[in-house]
Protein chains: 2
Amino acid sequence: MNIGQAADASGVSAKMIRYYEQIGLIRPPTRTDSNYRVYGSDEVHVLRFIRRSRTLGFSIEETSALLALWQDKTRASGEVRDIASEHISALETKIAELESMVGTLKHLVHCCQGDNRPDCPILDDLAGTNSKTKGH
Amino acid sequence: MNIGQAADASGVSAKMIRYYEQIGLIRPPTRTDSNYRVYGSDEVHVLRFIRRSRTLGFSIEETSALLALWQDKTRASGEVRDIASEHISALETKIAELESMVGTLKHLVHCCQGDNRPDCPILDDLAGTNSKTKGH
DNA sequence: GATAGACCTTCCCATCATGGTAAGGTCAAG
DNA sequence: CTTGACCTTACCATGATGGGAAGGTCTATC
């Protein structure tokens, strides 16, 4: 199987497959005489694993750890659970930050009349010159 | 006022002030004879505006638009509101995605016993070989 | 005055994960 | 044998920020 077919089969672009190889996330595959990379179903399986991990928001580094645990038959699943739990915490922190931003913006938009008058509570807030929109 | 003082006064690092100048977000300030950048309270005000906008998660490009509207006395505040509203939508989409990730991960962690047995529902899900943890 | 240390300048490199492009080699179908 | 689709490597770009080097400037102290 060529890299393009492996890409189609795994959902990881050929570009990224080469990149993952380059950074050592996956092992260099065998090559044909004409230097083409050759993949089998095992490699595609690994690529799918990586893709799913990335989709769930794990970094490459976290993915690498999960991959090692996946391939280690003697692993303790507690380690995996710890990685996932830490990731959940990080995601929840991020969500809280975003929600805080949304809350502020919604308040500002609510205060904004959207007419042609030159005063705008959103811009006033950004400029730090507001007093009316505070603490309500 | 030197760049370091402007940085302290605005909360934007000297590094970023130069960067903002380089990409045209802010205007090049006057210089001393010895080529030092000189800032006044107006520039610091602009930098604070930028900082607040970035803190609220607006991109540099969005910040640039907001800055232009802020400095345009004839602006319509509806434009500002539109930018903010679109930004809210984008943030909410992002939040929903993150929440979906968290939901999946929490489910997987819940199913994971964290013992020393080699089967782990989290890894099974990542590998796409699961059937038990689906649709529940 | 001279010297030390804190500041400034520009320039280059790194991040993280991904995409693009260019120049050239290979393969399969017609 | 040509054409077109594929592969190879290598380099550049993103967005926003930090780090550092090499060299110039300012200020306070001796």
Side-chain angles (χ1 to χ4, degrees), chain A residues 1-26 28-40 43-44 46-67 87 90-91 94 97-98 101, chain B residues 1-26 28-40 43-44 46-67 87 90-91 94 97-98 101:
Chain A
M1 197 170 15
N2 283 340
I3 197 170
Q5 295 163 313
D8 288 348
S10 66
V12 178
S13 72
K15 204 84 186 175
M16 290 315 298
I17 294 175
R18 295 196 194 95
Y19 174 69
Y20 291 154
E21 178 186 333
Q22 188 203 319
I23 64 173
L25 180 61
I26 59 178
T30 56
R31 302 272 189 142
T32 65
D33 289 349
S34 53
N35 207 30
Y36 281 24
R37 289 173 178 83
V38 180
Y39 298 92
E43 284 88 350
V44 169
V46 168
L47 289 170
R48 283 217 197 95
F49 182 102
I50 292 170
R51 178 167 163 273
R52 176 92 173 114
S53 172
R54 299 282 305 119
T55 299
L56 282 173
F58 289 100
S59 68
I60 296 270
E61 201 167 9
E62 286 168 325
T63 300
S64 180
L66 291 171
L67 195 53
H87 189 53
L91 288 177
K94 187 84 187 170
E97 284 173 9
L98 293 177
M101 290 178 197
Chain B
M1 196 170 15
N2 282 341
I3 197 170
Q5 295 163 313
D8 287 348
S10 66
V12 177
S13 72
K15 206 85 182 173
M16 291 314 298
I17 295 175
R18 295 195 194 95
Y19 174 69
Y20 292 155
E21 178 187 333
Q22 189 202 319
I23 64 173
L25 180 61
I26 59 179
T30 55
R31 304 271 188 141
T32 65
D33 288 350
S34 53
N35 208 30
Y36 281 25
R37 290 173 179 82
V38 180
Y39 299 92
E43 284 87 352
V44 169
V46 167
L47 288 171
R48 283 218 198 93
F49 181 101
I50 292 170
R51 179 167 163 272
R52 175 90 174 118
S53 172
R54 300 282 305 118
T55 299
L56 283 173
F58 289 101
S59 67
I60 296 272
E61 200 167 9
E62 286 168 325
T63 301
S64 179
L66 291 170
L67 195 54
H87 189 53
L91 289 177
K94 187 87 187 168
E97 284 172 9
L98 293 177
M101 290 178 198

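Sequence lines set the chain letters: A, B, ... in the order given, protein chains first and strands last, and positions in each chain run from 1.
Counting any heavy atom pair closer than 4.0 Å across all strands shown, B/Arg37 reaches sugar-phosphate atoms only and no base atom. Residue contacts for A/Ser59: at a heavy-atom cut-off of 4.0 Å it reaches the sugar-phosphate backbone alone, with no base atom in range. Looking at heavy-atom distances under 4.0 Å, B/Ser13 makes contact with sugar-phosphate atoms alone, never a base.
Closest approach of B/Ala7 and B/Ser13 over heavy atoms only: CB-C, 4.1 Å. Scanning both residues, A/Thr63 and A/Phe49, for their nearest heavy atoms gives O-CE2, 4.5 Å. The two residues A/Glu43 and A/Tyr39 make their nearest non-hydrogen contact at CB-CD2, 3.8 Å. Residues B/Leu56 and A/Met101 approach most closely at O-SD, 3.4 Å, considering heavy atoms. In terms of heavy-atom proximity, A/Ile17 sits nearest to A/Ile26 at O-CD1, 3.6 Å. Taking each heavy atom of B/Arg51 and B/Gly11 in turn, the nearest pair found is CD-O, 3.3 Å.
Between A/Tyr20 and A/Tyr36, the residue whose closest nucleotide on DNA chain C is further toward the 5' end is A/Tyr20. Nearest-nucleotide assignment on DNA chain D puts the 5′-proximal partner with B/Phe58, out of B/Thr32 and B/Phe58.
The CZ-C1' distance, from A/Arg51 to C/dA17, rounds to 16 Å in whole Å. Rounding to whole angstrom units, CD of residue B/Glu21 and C1' of C/dC8 are separated by 13 Å. What separates CD of B/Gln22 from C1' of C/dT9 is a distance of 14 Å, to the nearest Å. Atom P of nucleotide C/dA17 and atom CD1 of A/Ile26 are separated by 15 Å, given to the nearest angstrom. The CD1 atom of A/Ile3 sits 17 Å away from the P atom of C/dT26 (whole-angstrom rounding). The distance between atom CD1 of A/Ile23 and atom P of C/dT18, rounded to the nearest whole Å, is 9 Å.
Taking CZ from A/Arg18 and CD1 from A/Ile3, the interatomic distance works out to 4.0 Å, rounded to the nearest 0.5 Å.
Look at A/Arg54 and you won't find any side-chain N or O under 4.0 angstrom from OP1 or OP2 of C/dC16. Between A/Tyr19 and C/dC16 there is no side-chain N or O to OP1 or OP2 distance below 4.0 Å.
First and last contacts of DNA chain D with chain A, using any nucleotide atom under 4.0 Å from a protein heavy atom and ordered 5' to 3', fall at D/dC6 to D/dA10.
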